[in-house]
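All of these numbers come straight from a predicted model, not from anything done at the bench. Heads up: numbering here begins at 1 and tracks the sequence.
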Amino acid sequence: MNTIDQNSAMISLDRALVPAPLLIDGRTEQDWLCFLSEFASLINFYDNDNSINGNWAPFLLKDSVFLLAAISKTRFLKFYDLYRDTCLKLKQLLDRQLTGLITDIRTISVSFNLLLDQLTSIFMQIKRWIYYMQKSGDDYELKRYVIDQTKNNFSKYFWAITSLRQNLFLSSVIGGIEPVDPTQFELFDYYEELIWKQNKDKSPYWQILDLQHPISKNSAMDIFNALTKAGDSLFSFFKTIIRHSTAEFEKVKVKKSKYPDTTLLRTFVNLLQVHQDQLNEISHKHLQFYYKDILKQAGLPAVPDNVFICATLAKPGATFNLPSGTLFNAGSDAQKNPILFVAPADVSLNPGIITEVCTLTCLPGSNNLSSLYLQNIPTPGALQKDSDGKILAWDTFGGSVAPPAIPAKTGIALASPILLLREGVRNITLTLSYTGNMDLWMMQNASYYVSTQKVWLPVTATFQKDITVLTSPVTIGISLEATDAPIEPFLVNPDGLQTIWPMLKIEFD
């Protein structure tokens with residue numbers, strides 16, 4: 001049973017109240033690109049004889065981003081489980097043959113053919129990946145690793161297993177072994193010829209597989225052990241490729257692509273993520289409806305408060321381990337008994353320093369308005385005390401005296417893809433609805449800006465409101481001429497706001 005403490009209880013509460021962002025649709029760009037690659041393999045080309053002659057997959061897999069996404073989503077366990085089941089069944093059959101419990105060798109030959117086919121299919125899968133890696137001029141670490149390992153280590157196993165199968169077909173060591181398909185050899189005469197054929201016939205198959213020569217000197221169990229030894233090494237290599245392809249995908253996807261068609265397709269995938277984010281917000285909106293509309297819950301207003309944090313380590317720059325069971329003296333109770341607190345678990349303390357602190361003070365001004373003052377604390381890392389030795393605190397929120405600080409402005413910033421207006425005559429209409437009474441003078445005297453790549457562009461706003469109805473919405477209109485700068489997202493936002501969309505900012509006086 002897991003230990004329940006205050007921290008784990010709070011984390012569990014947060015998880016229960018805040019829905020996961022991927023609750024509805026958790027597909028990533030990697031998932032989408034893999035799906036598109038697999039879907040493209042279903043769109044076939046037909047020749048003059050109405051026979052299938054290729055598909056659309058090469059159009060996508062030529063791009064390393066699509067290829068790595070497809071490799072990373074390869075279901076390794078699907079291949080490996082079949083391989084292990086075949087090995088287990090064949091081992092049981094061979095053991096029963098040694099004890100004389102089975103005399104029908106056809107079941108053994110069927111399992112051997114299945115094992116050989118499974119190993120060949122893994123080689124063909126790796127061969128297909130190398131083919132598309134070679135077709136692309138991109139250079140990345142996984143590509144170099146796969147080509148190097150295949151050329152120097154695993155290509156010889158392919159030719160050795162192929163030669164072993166052909167010799168088993170010609171001999172009577174294991175009856176019923178199917179011959180090698182000669183059409184497979186034609187697939188290695190193109191881009192991968194130097195990779196796969198470099199070590200062909202350099203060493204005989206019996207040396208590579210650690211068998212005796214001629215083949216008749218080996219038992220079926222010897223051949224089985226040789227195949228499983230090579231197969232285990234092959235599947236380990238296969239798993240390594242799949243496992244490292246995800247990290248390689250993250251590195252390659254941020255590089256510039258030289259393929260306009262696949263880049264456009266990736267753009268559509270990224271646009272789909274906008275709708276995916278909206279879909280995943282449904283559960284959050286449902287919670288908001290439940291709390292606000294059904295339970296009538298409302299947020300509490302801000303309350304001024306003070307907090308004191310003081311932690312000093314004996315050796316600056318070094319961590320300190322606070323062991324479990326450490327006692328803390330918290331004074332005495334009414335009966336003069338000491339109050340002790342105990343640390344329930346080991347805690348690692350790290351030295352830290354406060355580099356910047358600002359206080360925000362709200363003071364009443366003219367016309368029933370208020371002014372905000374922002375003040376920087378000059379030495380936030382130094383502990384300040386008064387003449388009596390009492391620790392001085394900052395008025396983080398509140399305060400009745402105007403500090404020597406600059407007035408701070410408040411405002412609203414809106415980000416939306418609809419604001420991406422780069423050229424021509426552009427009109428923006430913003431409708432604001434509200435509850436209670438609204439001071440139209442505050443909106444009319446505000447400053448309005450739209451974002452460009454580098455700076456905020458000041459714009460003029462017009463207002464429409466039905467003054468006979470207190471709660472009628474306010475319509476704000478903004479017009480830009482063709483000569484005005486384009487409205488675009490910031491390259492670096494001057495206000496430190498993080499968004500990928502263009503913005504409209506309303507700054508109040």
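- The side-chain tip of Lys127 points at the ring of Tyr131 from less than 6.0 angstrom away and within 45° of straight on.
- Residues Ile428 and Val459 fail the side-chain proximity criterion, which asks for heavy atoms closer than 4.5 Å.
- Side-chain atoms of Asp148 do not come within 3.5 Å of backbone N or O of Arg144 as any donor-acceptor pair.
- Electrostatic pairing of Glu248 and Lys143 does not count as a salt bridge here, judged by no charged N lying under 4.0 Å from a carboxylate O.
- Remark: Trp456 pairs with Phe490 by the ring pair (Phe, Tyr, Trp, His ring centres under 6.0 Å) rule, at least two apart or across chains.
- Residue Leu497 places its CG atom among more than 12 non-hydrogen atoms of other residues, nucleotides or ligands, all under 6.0 Å distant.
- One finds the CD atom of Gln118 at 6.5 Å from the CZ atom of Phe235 (value rounded to the nearest 0.5 Å).
- In this structure, Thr326 contributes its side chain and Pro323 its backbone to a donor-acceptor pair below 3.5 Å.
- Nearest heavy-atom pair across Ser324 and Asp346 is N-OD1, 2.5 Å.
- Put simply, the side chain of Met133 reaches to within 4.5 Å of the side chain of Tyr140, judged on heavy atoms.
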Kindly indicate, with the supporting measurements, whether the criterion side-chain contact (heavy atoms from CB on, under 4.5 Å) is fulfilled by Leu480 and Leu421.
CA-CA 10 Å; Leu480 283 82; Leu421 306 170; over 6 Å; no
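- Within 6.0 Å of CD in Gln498 there are 12 or fewer heavy atoms belonging to other residues, nucleotides or ligands.
- Asn270 and Thr267 share no donor-acceptor pair across their side chains, judged by distance under 3.5 Å alone.
- Here the side chains of Phe249 and Val65 are in contact, with some heavy-atom distance below 4.5 Å.
- Under the 4.5 Å side-chain criterion, counting only non-hydrogen atoms from C-beta, Tyr145 is in contact with Gln149.
- Smallest separation of non-hydrogen atoms from Lys251 and Val254: O-CG2, 3.1 Å.
- For Lys285, the NZ atom sits in a loose shell: 12 or fewer heavy atoms of surrounding residues, nucleotides or ligands are nearer than 6.0 Å.
- Side chain of Asp388 to main chain of Lys390: no donor-acceptor pair is present (N/O by atom type, distance under 3.5 Å, no hydrogens or angles).
- Of the possible donor and acceptor atoms, none in the side chain of Ser72 sits under 3.5 Å from a partner among the backbone N and O of Thr246.
- With Asn55 contributing its side chain and Leu42 its backbone, the two residues share no donor-acceptor pair below 3.5 Å.
- From Leu67, atom CG reaches atom OG1 of Thr262 across 12.0 Å, with rounding to the nearest 0.5 Å.
- Residue Lys465 comes nearest to Ser472 through the heavy atom pair NZ-OG, 3.4 Å, listed as atom of the first residue, atom of the second, then distance.
- In this structure, Asn280 contributes its side chain and Asp25 its backbone to a donor-acceptor pair below 3.5 Å.
- Residue pairs that meet the side chain to side chain donor-acceptor pair (under 3.5 Å) test with at least one member in residues 473-483, sequence neighbours left out, are Asn427-Ser479.
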side-chain contact (heavy atoms from CB on, under 4.5 Å) between Asn153 and Phe237, intermediate numbers included
CA-CA 10 Å; Asn153 297 322; Phe237 177 53; over 6 Å; no
Chi angles and distances behind the side-chain contact (heavy atoms from CB on, under 4.5 Å) call for Met124, Arg128
CA-CA 6 Å; Met124 299 306 294; Arg128 180 172 179 264; over 6 Å; no
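- Without hydrogens or angle criteria, Asp31 side chain to Thr28 main chain gives a donor-acceptor distance under 3.5 Å.
- A heavy-atom distance below 4.5 Å is found between the side chains of Asp232 and Arg84.
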Phe154 and Ile126: CA distance, side-chain angles, deciding distance, side-chain contact (heavy atoms from CB on, under 4.5 Å) verdict
CA-CA 10 Å; Phe154 290 96; Ile126 297 175; over 6 Å; no
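- In the displayed structure, Phe39 atom CZ is contacted under 6.0 Å by at most 12 heavy atoms of other residues, nucleotides or ligands.
- For Trp32 and Phe268, the ring centers sit 6.0 Å or farther from each other.
- In this structure the side chain of Leu142 never reaches within 4.5 angstrom of the side chain of Val252, judged on heavy atoms.
- The pair Lys255-Asp138 does not meet the salt-bridge criterion, since no charged nitrogen lies less than 4.0 angstrom from a carboxylate oxygen.
- For the residue pair Ala57 and Ser37, the shortest heavy atom distance occurs at CB-O, 4.4 Å.
- The environment of Gln273 atom CD is dense: over 12 non-hydrogen atoms of other residues, nucleotides or ligands sit within 6.0 angstrom.
- Residues Glu507 and Tyr448 are not in side-chain contact: their nearest non-hydrogen atoms beyond the backbone lie 4.5 Å or more apart.
- Considering only heavy atoms from C-beta on, Leu420 stays 4.5 Å or farther from Trp501 through its side chain.
- Taken to the nearest 0.5 Å, the CG atom of Leu60 stands 12.0 Å off from the CZ atom of Arg266.
- Remark: side-chain polar atoms of Gln444 are not paired, donor with acceptor, to backbone N or O of Phe463 under 3.5 angstrom.
- Across all their heavy atoms, Ala485 and Arg426 have their closest contact at O-NH1, 3.0 Å.
- Closest approach of Leu430 to Leu504, counting heavy atoms only: CD2-CD2, 4.0 Å.
- Atom CG of Leu33 sits about 11.0 Å away from atom CG of Leu61, to the nearest 0.5 Å.
- The distance from the NZ atom of Lys253 to the CG atom of Asp63 is 13.5 Å, given to the nearest 0.5 Å.
- Distance check: Glu29 CD to Leu272 CG gives 11.0 Å after rounding to the nearest 0.5 Å.
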